[in-house]
Enquirer: 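Take a look at the following structure, please.
Counting starts at 1 for both ligands and their atoms, following the listed order. Remember, predicted model here, so these are calculated numbers, not experimental data. All heavy atoms count here, side chains included; hydrogens, waters and symmetry mates do not.
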Amino acid sequence: MASEPVNIWEMADLVTPFAVRTVATLRIADIVQDGPVPLVEIAKRSEARADPLGRVLRFLVRRGVFTEPEADLFGPNDASRALQSDAPSGSREWLDLDGAVGRADLAFVELIEQIRGHHPAYQAAFGRSFWEDLAHSPHLSDSFDDLMETKSGSLAPAAAASLAWDRFDVVTDVGGGRGLLVAEILERHPGVRGMVVDLAGPAHGAEAHLESRGVRDRAEVVVGSFFDPLPAGSDAYVLCDVLGDWDDEDAVRILTRCAEAAGPEGSVIIIELLPDPDGDFTEMDLRMMIYVGGRMRDLDRTERITAAAGLFVASVTRLDDGHGIIECLPDR
Ligand SMILES: C[S@@+](CC[C@H](N)C(=O)[O-])C[C@H]1O[C@@H](n2cnc3c(N)ncnc32)[C@H](O)[C@@H]1O
């Protein structure tokens, strides 16, 4: 529960978030990273109009992002450096209004529509679902896969280090994106083989990534949908940050496909964010609802959907970043 006094106006402000996201999209922090640059030059390099851009920058200077040492001359500070493309947090890319997630955030404008039961928010904002949008736009699809790669940069090593993956001969990562987790598991365990199943864009990225990690000879990449039958014969089927994208009905369909492929001896391994000690993952839950009609689940709800797919939760390993590795076995 929040214990600080709440300032409702600050909480409800839309001006600051849009100003920050606009300069992130225009890469203004990159342009001024070496020192103050005249406004006209910033406008030229960001392909923006000087007058409205200057007004946005002056607003942000007042809020502590960028400096204005002289009129119409803008420079960097610690806050603006966090928006540079080379910042380790990747904040610029997450906030980029032309990128998959920054664009999806704009669908929050339609939250009220979704709650009134009129339209799913993303569809109301953009005319088609998030996944359809990615399928229509290589730029959005690449930007989403880039963001997932940033996210997996720390999650994949932690997950690979936290389970005895060498119990398995073959591990299939279902909706495995560019294959970071499979690469990490294969690097650690030379006796394990891997497979990534995903849609065409990320699957092609997985081929390149597995090649670059030197494990391509032990890994197969399959273009396919997890709503269709999955290649059988692996010992473990992993769903990492996948089920949160889907409502319970679709999540059960995906789990059922994994359980069918795993057969009576195989494991289905869910890696998902679990509630933090305060029981709070409500922000991510709303994001999933708005972007893709999905939801976050605590362990009880996860147990219910796994049971509906004929599985039971055999073990849970918690990672420091809030994810849990939930190993499920067939409920015979
Ligand atoms: C949130 S991302 C997670 C990616 C990866 N597992 C990771 O942790 O970085 C969800 C993944 O599900 C994939 N996906 C979405 N719909 C799919 C479908 N019908 N069949 C297979 N993969 C799908 C997306 O392409 C994406 O790679």
Enquirer: List every atom of ligand 1 that sits less than 4.0 Å from any heavy atom of D245, numbering the atoms from 1 in the order shown and giving each element.
Expert: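 Per the distance check, 1 (C), 10 (C).
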Enquirer: Under 3.5 Å, is there a donor on one side chain and an acceptor on the other for S85 and R92?
Expert: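 Distance-only check passes for S85 and R92.
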Enquirer: Can you list the ligand 1 atoms lying under 4.0 Å from a non-hydrogen atom of W246?
Expert: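 Heavy-atom distances to W246 below 4.0 Å select 16 (N).
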Enquirer: Ring centroid separation for F144 and W131, is it under 6.0 angstrom?
Expert: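 Yes, the ring of F144 comes within the 6.0 Å limit of the ring of W131, centre to centre.
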Enquirer: Test I305 against every option in D250, I254, D248, T256 by the side chain to side chain contact (heavy atoms under 4.5 Å, CB included) rule and name the one that passes.
Expert: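 Among the candidates, only D248 passes.
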Enquirer: Identify, by atom number and element, the atoms of ligand 1 in contact range of S152, meaning under 4.0 Å from any of its heavy atoms.
Expert: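 Near S152, meaning under 4.0 Å from one of its heavy atoms, ligand 1 has 7 (C), 8 (O), 9 (O).
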Enquirer: Answer yes or no: does an N/O atom from F144 fall short of 3.5 Å to an N/O atom of ligand 1?
Expert: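 Between F144 and ligand 1 (N or O atoms, distance only) the closest approach is not under 3.5 Å.
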Enquirer: For ligand 1, which atoms have a heavy atom of G177 less than 4.0 angstrom away?
Expert: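 Numbered from 1, ligand 1 contributes 27 (O).
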Enquirer: Which residue holds the protein heavy atom closest to atom 11 (C) of ligand 1, what is that atom called, and what is the gap in Å?
Expert: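 Result for atom 11 (C) of ligand 1: G175 O, 3.6 Å.
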Enquirer: Any chance the rings of Y291 and Y122 have centres within less than 6.0 Å?
Expert: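 No, ring centres 6.0 Å or more apart.
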Enquirer: Does a salt bridge link D72 with R58, judged by any charged N lying under 4.0 Å from a carboxylate O?
Expert: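 Salt bridge: yes.
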Enquirer: Has G224 got any heavy atom lying under 4.0 angstrom from an atom of ligand 1?
Expert: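 In this structure, G224 qualifies as a contact of ligand 1 - some heavy atom is under 4.0 Å.
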Enquirer: If you measure every N or O of V242 against every N or O of ligand 1, does any of those distances drop under 3.5 Å?
Expert: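 No - when backbone and side-chain N and O of V242 are compared with those of ligand 1, no distance drops under 3.5 Å.
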Enquirer: I'd like to know whether ligand 1 has Y291 as a neighbour, heavy-atom separation below 4.0 Å.
Expert: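 In this structure, Y291 fails to qualify as a contact of ligand 1 - no heavy atom is under 4.0 Å.
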Enquirer: Any N or O on K151 sitting closer than 3.5 Å to an N or O of ligand 1?
Expert: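 Yes: some nitrogen or oxygen of K151 is under 3.5 Å from one in ligand 1.
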Enquirer: Taking atom types as modelled, find out whether D13 and T16 have a side-chain donor-acceptor pair closer than 3.5 angstrom.
Expert: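 D13 vs T16: donor-acceptor pair found between side chains.
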Enquirer: At what distance is the nearest protein heavy atom to atom 25 (O) of ligand 1, and which residue and atom is it?
Expert: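 Residue, atom and distance for the closest contact: D198 OD1, 2.7 Å.
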Enquirer: Share the residues that join L155 in a hydrophobic cluster, the rule being Ile, Leu, Val, Met, Phe, Trp or Tyr side chains under 4.5 Å apart at the heavy-atom level.
Expert: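 Other cluster members: L163, W165, F168, V171, L181, V182, I185, L186, V192, V196, L210, V215, V221, V238, I269, I271, L319, I325.
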Enquirer: Where does E149 meet ligand 1, judged by heavy-atom distances below 4.0 Å: at the side chain, the backbone, both, or neither?
Expert: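 E149 to ligand 1: no contact under 4.0 Å from either part.
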Enquirer: In terms of side-chain heavy atoms, does S129 have a donor or acceptor partner in Q123 at a distance below 3.5 Å?
Expert: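 Short answer, no.
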Enquirer: Heavy-atom count check: over 12 atoms from other residues, nucleotides or ligands less than 6.0 Å from R55 CZ?
Expert: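 Atom CZ in R55 is not packed in, count stays at 12 or less.
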Enquirer: For atom 1 (C) of ligand 1, what is the nearest protein heavy atom, given as residue, atom name and distance?
Expert: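 Protein heavy atom with the smallest distance to atom 1 (C) of ligand 1: D241 O, 3.1 Å.
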Enquirer: Just need the protein heavy atom nearest to atom 22 (N) of ligand 1, so name the residue and atom and give the distance.
Expert: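 Nearest neighbour among protein heavy atoms for atom 22 (N) of ligand 1, to 0.1 Å: F226 CE2, 3.2 Å.
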Enquirer: Which ligand 1 atoms does S225 reach within 4.0 Å, using its non-hydrogen atoms?
Expert: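 So the atoms of ligand 1 that pass are 18 (C), 19 (N), 20 (N), 21 (C).
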Enquirer: Do D96 and R103 meet the salt-bridge criterion of a basic N to acidic O distance under 4.0 Å?
Expert: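 Between D96 and R103 there is no salt bridge, as every charged N stays at least 4.0 Å from the carboxylate O atoms.
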Enquirer: Please could you name the atoms of ligand 1 that F227 approaches to less than 4.0 Å, counting only its heavy atoms?
Expert: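 The atoms of ligand 1 under 4.0 Å from a heavy atom of F227 are 19 (N).
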Enquirer: How would you list, by chain and number, every residue that makes a salt bridge (Lys or Arg N to Asp or Glu O under 4.0 Å) with R27, sequence neighbours excluded?
Expert: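 Salt bridge (Lys or Arg N to Asp or Glu O under 4.0 Å) check on R27 returns nothing, list empty.
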Enquirer: Among all protein heavy atoms, pick out the one at the shortest distance from atom 2 (S) of ligand 1; state its residue, atom name and that distance to 0.1 Å.
Expert: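 Ranked first by proximity to atom 2 (S) of ligand 1 is M148 SD, 3.8 Å.
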Enquirer: Before signing off on this row, confirm whether V197 and ligand 1 have an N or O atom pair separated by under 3.5 Å.
Expert: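 There is no such contact.
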Enquirer: Determine, for F227 and R257, whether the Lys NZ or Arg CZ falls below 6.0 Å from the six-membered ring centre while staying within 45 degrees of the axis.
Expert: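 No, R257 does not sit over the ring of F227.
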Enquirer: Could you tell me, atom by atom, which parts of ligand 1 come under 4.0 Å of a heavy atom of P202?
Expert: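 Contacts of ligand 1 toward P202, numbered from 1: 25 (O).
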